[in-house]
Structure formats: C-alpha cells, structure tokens
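Following: one structure in structure tokens, then a few remarks.
For the single chain, residues carry numbers from 1 onward in sequence order. Heavy atoms only: backbone and side chains are in, while hydrogens, waters and symmetry mates are out.
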Amino acid sequence: MNSSTRPTPRPFRDSDAQAILPRSASLALWLPRVASGQWSPEVAAQSVQQEDEPHIIDDRGSAVSLVTFLRSTLGRVVASCAVFPVPGDIASAPYLATHSGVESEELVLVRMVAEDRSQRNIALVPEVTEFGPAGDRGYSTHWNVVEVDPWEFQVLGSAGSLADAQRALRVGLAQATEALVALDVARWHEEHADLIDLLRDSYDLSGYIPEDLPARVYSILESSARLRAIVDIARFSDGSALNSTQAQARLRLLRDVDAISRRAMEAATLMTPLVG
C-alpha cells in the first residue's frame with residue numbers, strides 16, 4: 001500500500017531507530033560488495049533480513065532464499081541502486097517496474113552479467129507482509145524480479161550527486177525537525193514517542209549496512225533515513241489544531257522534504273561505472 005492511502009505510518013521492524021533503513025537500501029549496498037567477494041553472502045543476508053523471516057527472491061517463477069541469490073551474484077554485479085518511487089514522483093523508477101515499485105515504495109535496480117555473458121537489467125521489488133499481534137510483530141519479505149530497460153542514466157539524472165544530497169539534507173532536516181516539534185507529534189502518536197525522541201539525534205546504522213562505507217555516504221544515509229521517518233510520522237499526525245491553509249502548507253513541506261530524503265538515499269546507494 002502506498003503512502004497516499006496508508007492510514008498509519010509505515011511499520012518499523014522494531015523499536016530501535018536504526019531499523020528504519022529501508023530493506024532496499026541495505027540490499028543495494030551489499031550487492032556489489034558480495035559480488036566482488038569482499039563480504040560473504042551470509043553476512044549480507046543477515047544484515048538485510050535482521051529479525052525478518054528469511055527473505056525469498058522470485059525470479060520468473062524460480063524462488064530461492066536471499067542468501068542463495070547473493071551467492072549467485074559473485075562476479076556478476078556491474079551496477080546497483082535503491083530507488084524510492086511514490087505516487088506523483090516516479091522519476092527514478094524504470095517504466096516496467098513503476099507500478100510495483102510505487103506499491104512497495106522501494107526497489108533495488110541491478111545491472112548484472114547474465115549466464116550467457118550478456119547484460120541483464122532487473123528490479124528487485126519487495127512485498128513485505130506484517131503479521132502477529134501488536135507488540136510482537138513479524139515480517140516476511142518476498143522480492144519479485146522484474147526485467148527492466150537500462151536504468152543508470154535515468155537514476156543519475158534524478159538522484160543527483162552526493163554533494164547535492166548533502167546540501168539538500170541540511171535544509172530538509174532543519175525544516176522537518178522544526179515542523180515536528182511545532183506539531184507535537186508525540187501527543188498524537190504516543191506509540192512512537194520514544195522513536196521520535198531518538199530521531200531528533202543521529203543514530204547508529206551499524207549492522208544494517210556494510211562497515212566499509214565512506215564516511216560521506218554513511219552520513220547521507222543516516223540523515224536521509226532519519227528524515228524519512230520524521231516525515232512519515234508527521235504526515236499522519238492528527239493536525240486538528242491547524243486550519244485548512246496551514247494543513248496544506250504542512251503537507252507541501254512534508255512532501256518536499258520527503259523528496260529530498262528519497263533522492264539523497266538514492267544517490268548514496270548508487271554504484272555504477274558511469275561515475276568515477
């Protein structure tokens with residue numbers, strides 16, 4: 001279900017703020033490192049899955065575990081990136097993956113060498129199912145493989161550079177935090193009060209991403225993940241104290257800030273030989 005119709009904020013995998021990093025961002029960062037032999041598929045799979053049920057990759061009707069899929073990528077990944085399309089903003093999503101990508105609000109794009117040595121471009125689109133009672137939630141994740149056209153120039157044009165992302169995030173974080181405090185979101189969503197407190201400060205992403213990320217990339221990921229969570233919670237606050245003009249202004253601000261954070265996370269996860 002997409003953010004335009006979802007009645008409550010997207011579910012967090014646990015109460016720890018670091019778990020707000022999308023699964024697609026984690027997987028996109030691990031793929032080239034596993035493919036190059038730097039890290040084991042087992043370590044990468046555990047980092048992506050965390051407390052989820054084991055993830056499944058479905059490629060044209062052939063379903064394998066995430067760790068098995070990662071083993072198959074050795075020496076084959078040329079480029080990868082996580083993208084986060086939403087209704088009205090699909091600039092980074094290849095046409096053939098647009099519908100499913102908007103439904104999930106995230107996907108991983110991969111260019112890889114096929115078995116016949118040709119180039120294959122695919123999208124890994126997650127379907128996440130939440131189960132269990134409140135306070136004891138579990139998640140199962142099924143990644144569907146979609147064949148797409150070459151995507152790297154499209155993402156480069158949409159996401160921008162890391163320098164652009166850093167500049168935009170500084171502004172976005174200041175705007176979102178100010179709006180969050182003014183709205184007193186914790187009053188409307190008491191179940192997220194502890195998470196909101198954590199989101200006002202930086203947090204540790206270790207365990208969810210590779211340890212060898214450059215400091216600049218890490219900083220962008222941390223800021224953009226935190227910003228998206230702030231926006232997501234604020235979007236679903238009651239807002240009853242606002243008049244219609246104020247409510248529309250708030251919605252526009254949140255939409256703009258969310259776009260900043262999505263673009264920044266795309267730029268941070270992009271790995272392509274087209275960029276030196």
Side-chain angles (χ1 to χ4, degrees), residues 3 10 12-13 16-33 38-39 44 47-48 50 77 79-86 89 91-93 101 105-110 151-180 195 198-234 253-276:
S3 60
R10 64 174 62 88
F12 299 105
R13 283 190 267 183
D16 191 336
Q18 61 189 311
I20 65 176
L21 187 73
R23 294 164 176 82
S24 290
S26 183
L27 180 55
L29 291 166
W30 279 110
L31 271 170
R33 289 166 171 80
Q38 293 176 262
W39 291 88
S47 177
V48 175
Q50 296 297 321
V77 174
S80 60
C81 184
V83 299
F84 306 96
V86 297
D89 186 0
S92 296
E105 296 189 352
E106 59 176 296
L107 56 95
V108 179
L109 298 173
V110 190
W151 51 268
E152 287 157 82
F153 284 112
Q154 179 180 350
V155 173
L156 280 169
S158 174
S161 68
L162 290 175
D164 293 337
Q166 278 187 311
R167 285 191 293 268
L169 279 172
R170 281 194 289 269
V171 175
L173 275 169
Q175 291 175 331
T177 302
E178 181 180 349
L180 184 68
L195 181 59
L198 286 169
L199 291 171
R200 288 185 173 125
D201 299 311
S202 61
Y203 56 86
D204 186 6
L205 286 175
S206 61
Y208 290 78
I209 58 177
E211 297 175 0
D212 60 349
L213 285 183
R216 187 185 207 182
V217 172
Y218 181 96
S219 175
I220 291 172
L221 280 171
E222 188 275 335
S223 296
S224 56
R226 179 157 44 103
L227 184 55
R228 286 209 77 192
I230 291 172
V231 168
D232 205 43
I233 295 171
L253 170 64
L254 294 176
R255 188 183 299 118
D256 291 346
V257 170
D258 186 58
I260 289 171
S261 64
R262 287 186 288 106
R263 292 289 177 267
M265 194 171 288
E266 291 171 357
T269 59
L270 177 60
M271 187 283 294
T272 170
L274 300 181
V275 177

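Between Trp151 and Leu270, the shortest heavy-atom distance links the atoms CZ3-CD1, 3.9 Å. Between Ala82 and Ala28, the shortest heavy-atom distance links the atoms N-CB, 3.6 Å. Considering all non-hydrogen atoms of both residues, Tyr208 and Trp30 come closest at O-NE1, 3.8 Å. Minimum heavy-atom separation, Asp212 to Arg33: OD1-NE, 2.8 Å.
Rounding to the nearest 0.5 Å gives a distance of 11.5 Å between OG1 of Thr269 and CD1 of Ile209. Distance check: Ile220 CD1 to Met265 CE gives 10.5 Å after rounding to the nearest 0.5 Å. The structure places CZ of Phe84 at 10.5 Å from CG of Asp258, a figure rounded to the nearest 0.5 Å. Taking OG of Ser80 as the start and CG of Leu27 as the end, the distance is 8.5 Å to the nearest 0.5 Å. Here the CG atom belonging to Leu213 is positioned 9.0 Å from the CG atom belonging to Leu205, to the nearest 0.5 angstrom. The structure places CG of Leu227 at 10.5 Å from CD of Glu222, a figure rounded to the nearest 0.5 Å.
In this view, Ser24 and Glu106 satisfy the side chain to side chain donor-acceptor pair (under 3.5 Å) rule, not counting sequence neighbours. Take Asp256 and apply the salt bridge (Lys or Arg N to Asp or Glu O under 4.0 Å) test, not counting sequence neighbours, and it matches no residue. For Ser158, the side chain to side chain donor-acceptor pair (under 3.5 Å) criterion is met by Ser92, Arg263, not counting sequence neighbours.
Taking a 6.0 Å sphere around CD of Gln38, one finds it holds more than 12 heavy atoms contributed by other residues, nucleotides or ligands.
Residues Pro273 and Glu152 have side chains in contact (heavy-atom distance under 4.5 Å, counting atoms from C-beta outward). Contact check for Val275 versus Ser161: no side-chain heavy atoms found under the 4.5 Å cut-off.
Under a 4.0 Å N-O distance rule, the pair Arg262/Glu266 does not qualify as a salt bridge.
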